[in-house]
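Structure first, commentary second.
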Amino acid sequence: MSMSPLIPLIERAAAALRDSQRLVVFTGAGVSKESGIPTFRDALEGLWAKYDPQQLATPEAFRQNPKLVWDWYTFRRGLLAGAEPNPGHYALAQFEDRLPQVVVITQNIDGFHQLVGSSDVIELHGNLARNKCFANCQGEPTLVNVDKLAWDKESGPPKCPYCNTAYVRPDVVWYHEMLPEAALKRAIQLSTVADVMLVVGTSGIVYPANQLPVFAKRNGATVIDVNPDVSQISGFADIFIPGPSGEILPQILAAMDADASSGEDV
Ligand code: OAD
């Protein structure tokens, strides 16, 4: 792979990024794949290949079987506890040292972007580390720290300590639920005025998040898509780089630095 055919694409992406004044990075499960966290739609290993989202990731499912849903998230928290951010996350955080404005909009709930130093991260789908009252009894969201609660962990989720009525649930967005309003609003606004949008590791299938690259493109942004497979974004992206983000993003960063030190780009 030393004489990679991807090099011209990486150079083009680096040139666009180096000049960016308002960069939006938009990430999905693929950016954490090299950390060992399964994506959703991988045909064999993806979570949705093995589990039915309708039975695990909807409010109806939680109402029907809170213990099943809670246990599934406990399982996913376990996966996360054994995982670490990868070179792709680190490279994205380093863009901030080089560019005036970098905002990361993520569909991921693993918190890895923040962990490695990305300072402005919009979480569209919540965060696995947080929990809230299913009824949001004290307002949206009523966060609950379960580490402070004592309950029989074998029996499923604890009751909310504020209302003592509703169960505690993970603070993530499920199917049939709205995205957090302020986060979505800001994400749309930033995508609309971005000059470059770097899309990483998303199938681009899930609405409304998948509209963000469309807004960016429509408003003249250069859209770059990094994904080993063709996604819904690749087709209209200005630059599609087919490769894993843990390898491609550090190469883009290196190419940006090389460009900068050699002055003119060709
Ligand atoms: P998907 O599982 O739909 O897509 C993951 C994408 O990552 C695919 O396009 C893969 O080709 C790509 N990919 C795989 N390995 C990669 C690598 N090493 N580097 C870069 N890309 C790689 O995941 P999302 O698009 O994030 O929603 O899914 C969107 C939403 O659907 C999720 O946020 C989740 C799910 O249901 C909620 O939970 C609300």
Side-chain angles (χ1 to χ4, degrees), residues 1-17 20 23-51 53 76 79-80 82-95 102 104-113 115-116 118 121 124-125 191 194 196-207 209-214 216-217 221-256:
M1 285 289 281
S2 57
M3 292 299 285
S4 166
L6 300 182
I7 285 172
L9 295 170
I10 288 167
E11 297 280 339
R12 277 179 60 205
L17 282 160
S20 173
L23 172 64
V24 169
V25 179
F26 176 55
T27 67
V31 77
S32 296
K33 168 91 184 255
E34 287 152 277
S35 296
I37 301 174
T39 63
F40 295 95
R41 294 179 181 78
D42 185 280
L44 295 175
E45 297 160 18
L47 289 171
W48 296 155
K50 297 183 183 165
Y51 306 97
R76 288 181 61 193
L79 289 180
L80 188 56
E84 287 177 352
N86 67 61
H89 299 103
Y90 283 97
L92 292 176
Q94 283 179 272
F95 283 146
V102 182
V104 177
I105 304 174
T106 189
Q107 301 166 86
N108 298 345
I109 58 178
D110 56 34
F112 277 173
H113 292 302
L115 196 60
V116 300
S118 284
V121 180
L124 291 177
H125 291 165
S191 300
V196 179
M197 176 174 273
L198 175 59
V199 182
V200 185
T202 181
S203 58
I205 285 174
V206 173
Y207 180 91
N210 66 354
Q211 296 306 295
L212 298 174
V214 178
K217 174 80 181 178
T222 300
V223 176
I224 303 167
D225 186 28
V226 177
N227 194 314
D229 294 320
V230 170
S231 74
Q232 297 292 308
I233 317 298
S234 328
F236 67 85
D238 299 279
I239 307 168
F240 169 48
I241 310 181
S245 48
E247 292 173 26
I248 301 294
L249 295 176
Q251 289 183 50
I252 293 178
L253 199 66
M256 282 167 74

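Everything numeric in this text was worked out from a predicted model, so none of it was measured.
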### Task
Test Ile224 against every option in Leu17, Val199, Leu9, Leu23 by the side chain to side chain contact (heavy atoms under 4.5 Å, CB included) rule and name the one that passes.
Leu17
### Query
Which of these passes side chain to side chain contact (heavy atoms under 4.5 Å, CB included) with Val104: Val31, Leu198, Val121, Val200?
Val121
Does [X] reach the side chain of [Y], with side-chain heavy atoms less than 4.5 Å apart?
| X | Y | value |
| --- | --- | --- |
| Gln232 | Thr202 | no |
| Ile252 | Ile241 | yes |
| Leu124 | Phe26 | yes |
| Leu6 | Pro242 | yes |
| Phe236 | Val214 | yes |
| Met197 | Ser191 | yes |
| Phe240 | Asn227 | yes |
| Val206 | Phe40 | no |

### Message
Let's go through Ser32 and His89 carefully: what are the C-alpha distance in whole Å and the side-chain angles of both, what is the deciding distance for side-chain hydrogen bond (donor to acceptor under 3.5 Å, both in side chains) to 0.1 Å, and is it a yes or a no?
### Response
CA-CA 8 Å; Ser32 296; His89 299 103; 3.1 Å; yes
### Message
Just verifying a value: how many Å separate Leu253 CG and Ile248 CD1, rounded to the nearest 0.5 Å?
### Response
13.0 Å
### Message
How long is the straight-line distance from OG1 of Thr39 back to CD of Glu45, given to the nearest 0.5 Å?
### Response
8.0 Å
Non-hydrogen atoms of [X] and [Y] that approach each other most closely:
| X | Y | answer |
| --- | --- | --- |
| Ser35 | Ala83 | O-CB, 3.5 Å |
| Val196 | Ala16 | CG2-O, 3.7 Å |
| Thr27 | Asn108 | OG1-ND2, 4.1 Å |
| Gly30 | Ser245 | O-OG, 3.8 Å |
| Pro213 | Val223 | O-CG2, 4.1 Å |
| Ala221 | Ala194 | CB-O, 3.3 Å |

#### Entry: Counterpart residues, side-chain contact (heavy atoms from CB on, under 4.5 Å), relative to Pro53 (two or more places apart)
Trp48, Tyr175
### Task
Could you check Phe112 against Asn86 for side-chain contact (heavy atoms from CB on, under 4.5 Å), going step by step and ending with a plain yes or no?
CA-CA 9 Å; Phe112 277 173; Asn86 67 61; over 6 Å; no
### Query
Quick one: do the Asp225 and Ser231 side chains pair a donor with an acceptor below 3.5 Å?
yes
### Query
Side chains of Thr222 and Asp238: donor-acceptor distance under 3.5 Å anywhere?
no
### Task
Let me see the working for Asp42 and Lys33 under side-chain contact (heavy atoms from CB on, under 4.5 Å), right down to the final yes or no.
CA-CA 10 Å; Asp42 185 280; Lys33 168 91 184 255; 3.6 Å; yes
### Query
Got a donor-acceptor contact below 3.5 angstrom from the Gln211 side chain to the Tyr207 backbone?
no
